[in-house]
4 protein chains.
Amino acid sequence: MEKKPEPRWERRKEARPHELIAAALDLFVEKGFTATRLEDVAARAGVSKGTLYLYFDNKEALFKAVVQEGIVPVIEEGEALLQHYEGPAAELLRLVVHRWWETVGASQLAGVIKLMFSEAQNFPEVAQFHYDQVVLRGKRIFAFVVELGIRQGEFRELPVDHCVRLLLAPLLMLAIWRYSLGVCESEPVDAESYLETYLDLAVGGLAARSGA
Amino acid sequence: MEKKPEPRWERRKEARPHELIAAALDLFVEKGFTATRLEDVAARAGVSKGTLYLYFDNKEALFKAVVQEGIVPVIEEGEALLQHYEGPAAELLRLVVHRWWETVGASQLAGVIKLMFSEAQNFPEVAQFHYDQVVLRGKRIFAFVVELGIRQGEFRELPVDHCVRLLLAPLLMLAIWRYSLGVCESEPVDAESYLETYLDLAVGGLAARSGA
Amino acid sequence: MEKKPEPRWERRKEARPHELIAAALDLFVEKGFTATRLEDVAARAGVSKGTLYLYFDNKEALFKAVVQEGIVPVIEEGEALLQHYEGPAAELLRLVVHRWWETVGASQLAGVIKLMFSEAQNFPEVAQFHYDQVVLRGKRIFAFVVELGIRQGEFRELPVDHCVRLLLAPLLMLAIWRYSLGVCESEPVDAESYLETYLDLAVGGLAARSGA
Amino acid sequence: MEKKPEPRWERRKEARPHELIAAALDLFVEKGFTATRLEDVAARAGVSKGTLYLYFDNKEALFKAVVQEGIVPVIEEGEALLQHYEGPAAELLRLVVHRWWETVGASQLAGVIKLMFSEAQNFPEVAQFHYDQVVLRGKRIFAFVVELGIRQGEFRELPVDHCVRLLLAPLLMLAIWRYSLGVCESEPVDAESYLETYLDLAVGGLAARSGA
DNA sequence: AATGAATGAGGCTTCATTCAT
DNA sequence: AATGAATGAAGCCTCATTCAT
């Protein structure tokens with residue numbers, strides 16, 4: 001019969017930062033940066049207020065860490081898809097979109113995107129970082145697809161930059177929606193079928209008319 | 001020895017609330033609700049902090065007023081377009097989109113939309129109000145167009161709700177973008193040509209294939 | 001029968017800063033800068049915490065104000081004494097010392113001096129300011145007296161800077177003592193007789209020996 | 001396969017407290033008690049924060065230890081000087097002053113004195129202890145000298161307590177100065193010549209006038 | 001004996017709100 | 001109607017202290 005006095009805390013030096021970042025992301029996305037209390041972040045990560053400061057200098061540093069953490073390898077995967085691809089651009093688009101959904105849209109990165117949309121003007125440098133690392137590279141991937149389609153005669157010759165934005169918009173919306181006005185809807189959008197219709201419309205819209 | 005009556009303010013009185021709302025909208029959109037100081041709102045409206053409380057009970061009431069103000073007649077105009085319309089759905093879509101741009105996208109309502117995206121989770125009731133008054137009605141307008149097109153055989157039979165979301169996404173993005181990650185880009189998107197490409201793609205995507 | 005509802009506060013825009021500075025001086029002198037809580041300063045000045053920030057940017061600004069306030073005209077009076085003086089240096093010394101006691105030693109400036117002795121290393125720029133405005137000018141006054149005495153043959157030719165420091169030391173000690181180790185003594189030093197003995201010793205020490 | 005016993009720390013153990021006290025003294029003198037962080041004390045002593053608590057119950061205990069450590073044998077030496085002394089009081093004064101400089105003024109005890117001047121009001125009991133052990137005994141030594149001089153007809157009959165304070169003031173100032181406003185001066189006071197002038201003035205001031 | 005991760009009370013500072021003028 | 005001085009709750013952050021390792 002021994003007492004296990006239930007230690008008040010345990011050491012988690014490596015795990016802590018990630019746990020804190022995850023907690024912070026949740027709350028930043030939900031409430032915004034300013035409206036999020038560090039005490040709540042700490043509580044959600046299961047630590048006390050002070051512990052947070054062992055790993056991050058201040059609230060802004062935590063914010064930056066959240067944004068940086070949310071990027072790491074994702075985009076590279078997308079870029080890898082393009083290497084060596086051969087086949088119709090429409091098919092590549094399908095591949096890219098599904099990959100996007102799996103790695104970004106359905107992941108925590110969606111939260112980071114929502115967060116950046118809300119806070120870009122409050123943190124211009126962080127926004128620029130996110131823009132360069134995520135938005136720009138994402139745009140390049142879609143530009144590659146559009147240009148491939150045009151080159152191969154599948155797609156019409158349309159202004160590429162606009163097409164890219166038009167292709168991205170429904171995806172970004174899907175990602176952001178559930179953290180914002182999506183809360184007003186009783187059930188979430190079904191991503192699966194939404195993306196099917198998206199691809200259908202997009203390919204139809206881009207396609208070179210056979211009869212024309 | 002008489003004091004000049006100093007007609008310094010004469011007018012005002014019922015202009016005040018609107019000026020305060022306009023100032024608040026600017027700052028709420030830029031910084032978010034929590035990060036906006038009422039003192040700054042008052043200063044931007046050219047009054048003192050205390051004056052604000054003559055017109056609004058508190059910060060949240062001001063927020064609600066901002067959201068409500070941004071709605072009033074806009075949607076009705078859109079709905080009016082649909083009445084008595086006869087002609088191709090594609091043409092109606094073009095009408096609606098240009099009207100949307102003029103009354104919403106290019107107006108201060110765009111800011112309200114950005115604001116609601118950011119703050120929806122912090123103000124569920126306000127979000128619901130905005131959703132009902134703006135989003136739902138906006139969706140209905142676009143649903144009307146899509147259904148008209150289907151009915152008239154111009155458009156394919158696609159899931160209407162998804163089509164509506166897909167049609168709205170590029171418009172909402174256009175509205176939101178300049179208040180968020182658009183700050184990272186040296187020059188703003190050219191709405192005119194963006195919308196042209198949008199209509200081109202959308203109609204192309206929706207269109208019933210002649211050959212099919 | 002009317003109720004006078006005992007107003008929660010009244011406006012004191014001009015008086016406030018001085019009251020706050022006086023309160024801060026008391027506490028800074030007693031406890032030191034860091035150990036003094038702004039809430040206590042505010043309470044002693046009869047206001048709330050927030051009011052302090054209407055007049056001072058932060059704790060350090062309050063500290064600087066305390067030091068600056070404690071200087072204003074005092075030294076100038078001392079310097080004025082020297083103008084047009086004619087007579088024995090010993091007599092001038094007596095004048096200066098009594099003046100010093102009245103304007104500095106017995107006033108709140110004594111507290112500022114104690115404060116600077118404690119905090120000089122924490123606030124080098126403020127210390128430098130105090131040094132330039134108070135210490136240096138004080139030293140110059142005493143140097144004037146010593147040099148006058150030497151010039152007139154009353155005093156021996158001793159190193160002036162050392163004499164000045166030696167003359168100042170008992171005065172500064174008197175000023176500081178009551179805010180520091182003086183608290184360990186049941187009754188305060190009697191400044192009057194202390195200064196008499198001081199002058200007696202000082203003049204005796206400086207005097208050119210008649211017989212020598 | 002054996003682990004090398006790694007004799008990294010071997011000694012220490014009873015050296016630790018002294019190192020910690022020395023580190024604490026430095027920082028307490030420089031920044032004051034409240035503004036000194038125990039983590040910095042530990043770092044300066046080359047140990048970790050936790051180690052400090054193996055030797056001292058808390059911050060205040062460390063403070064007390066600093067004050068006590070700074071006293072031990074010093075005063076006794078001074079008192080020993082007086083035993084069996086025969087000769088002129090002026091000469092004894094010179095002896096005492098030089099001894100004081102060597103054992104107190106030039107040593108770390110000077111820092112303790114500065115510290116007590118700053119913190120006396122925050123730690124009345126510690127101040128009382130210091131007062132009893134250092135100030136009072138120091139005063140007694142100087143009182144002995146003055147009284148000896150009077151008894152032997154070398155010195156005038158002046159109020160002894162005042163004389164003692166006046167004799168101590170330049171010495172205490174010398175000790176304190178370099179930790180406070182001395183930082184504003186480009187070069188430190190030359191103690192050697194300062195004390196020569198001090199003795200010169202003091203003896204001259206105390207001396208019974210031959211001609212009188 | 002030593003470490004340093006973890007804690008949480010407490011201080012500085014901000015700002016929504018009130019109210020005397 | 002308008003002002004802005006005053007308030008005080010609340011959030012960020014520090015640091016003395018504890019304790020698992």
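Protein chains get the first letters and strands the later ones, always in sequence-line order, with residue 1 at the start of each.
- In terms of modelled atom types and a separation under 3.5 Å, the side chain of B/K114 and the main chain of B/V29 share a donor-acceptor contact.
- Within a heavy-atom distance below 4.0 Å of DNA chain F, no residue of residues 20-34 of chain C is found.
- At a threshold of 4.5 Å between non-hydrogen side-chain atoms, the residues A/F28 and A/V112 do not count as touching.
- Minimum atom distance to the side chain of B/L38 is reached by E/dT17, of the listed E/dT17, F/dT7, F/dA16.
- For the segment residues 54-61 of chain A, the set of residues with a heavy atom within less than 4.0 Å of an atom of DNA chain F comprises A/N58, A/K59, in numerical order.
- Between the side chain of A/Q121 and the main chain of B/Y179, a donor-acceptor pair closer than 3.5 Å is present.
- In the region residues 39-50 of chain C, proximity to DNA chain F at under 4.0 angstrom, judged on heavy atoms, holds for C/V47, C/S48, C/K49, C/G50.
- A cation-pi arrangement is present between D/K59 and D/F33, with the terminal nitrogen or guanidinium carbon under 6.0 Å from the aromatic centre and inside a 45° cone about the axis.
- Side-chain atoms of A/T51 do not come within 3.5 Å of backbone N or O of A/V47 as any donor-acceptor pair.
- Taking D/Y131 as the reference, C/E185 meet the side chain to side chain donor-acceptor pair (under 3.5 Å) condition, with sequence neighbours excluded.
- Proximity note for A/R37 (side chain, C-beta onward) versus F/dC12, F/dT18, F/dA6: the nearest is F/dC12.
- E/dC19 atom C1' lies 16 Å from atom CG of B/L52, rounded to whole Å.
- Between the CD atom of C/E14 and the C1' atom of F/dG4 there is a distance of 13 Å, given to the nearest Å.
- Checking side-chain atoms of D/T36 against main-chain N and O of D/L27 turns up a donor-acceptor pair under 3.5 Å.
- Counting all heavy atoms, side chain and backbone alike, B/L115 lies closest to B/L25 at CD2-CD1, 4.4 Å.
- Every residue two or more places apart in sequence or in another chain that forms a side chain to side chain donor-acceptor pair (under 3.5 Å) with D/Q128 is listed here: D/D132.
- Taking the six-membered ring for Trp and the full ring otherwise, the centers of A/F63 and A/F123 sit less than 6.0 Å from each other.
- In this structure, a donor-acceptor pair under 3.5 Å is present between the side chains of C/H18 and C/E69.
- In secondary-structure terms, DNA chain E builds stems of at least 3 consecutive Watson-Crick or G-U pairs, each pair having both distances under 3.5 Å, at E:2-21 with F:2-21.
- When every heavy atom of A/P17 is checked against every heavy atom of A/F56, the shortest pair comes out as O-CZ, 4.0 Å.
- As rounded to whole Å, 11 Å separates atom P of E/dA16 from atom CG of B/L62.
- For the 3.5 Å distance criterion, the side chains of B/T34 and A/T34 fail to qualify, holding no donor opposite an acceptor.
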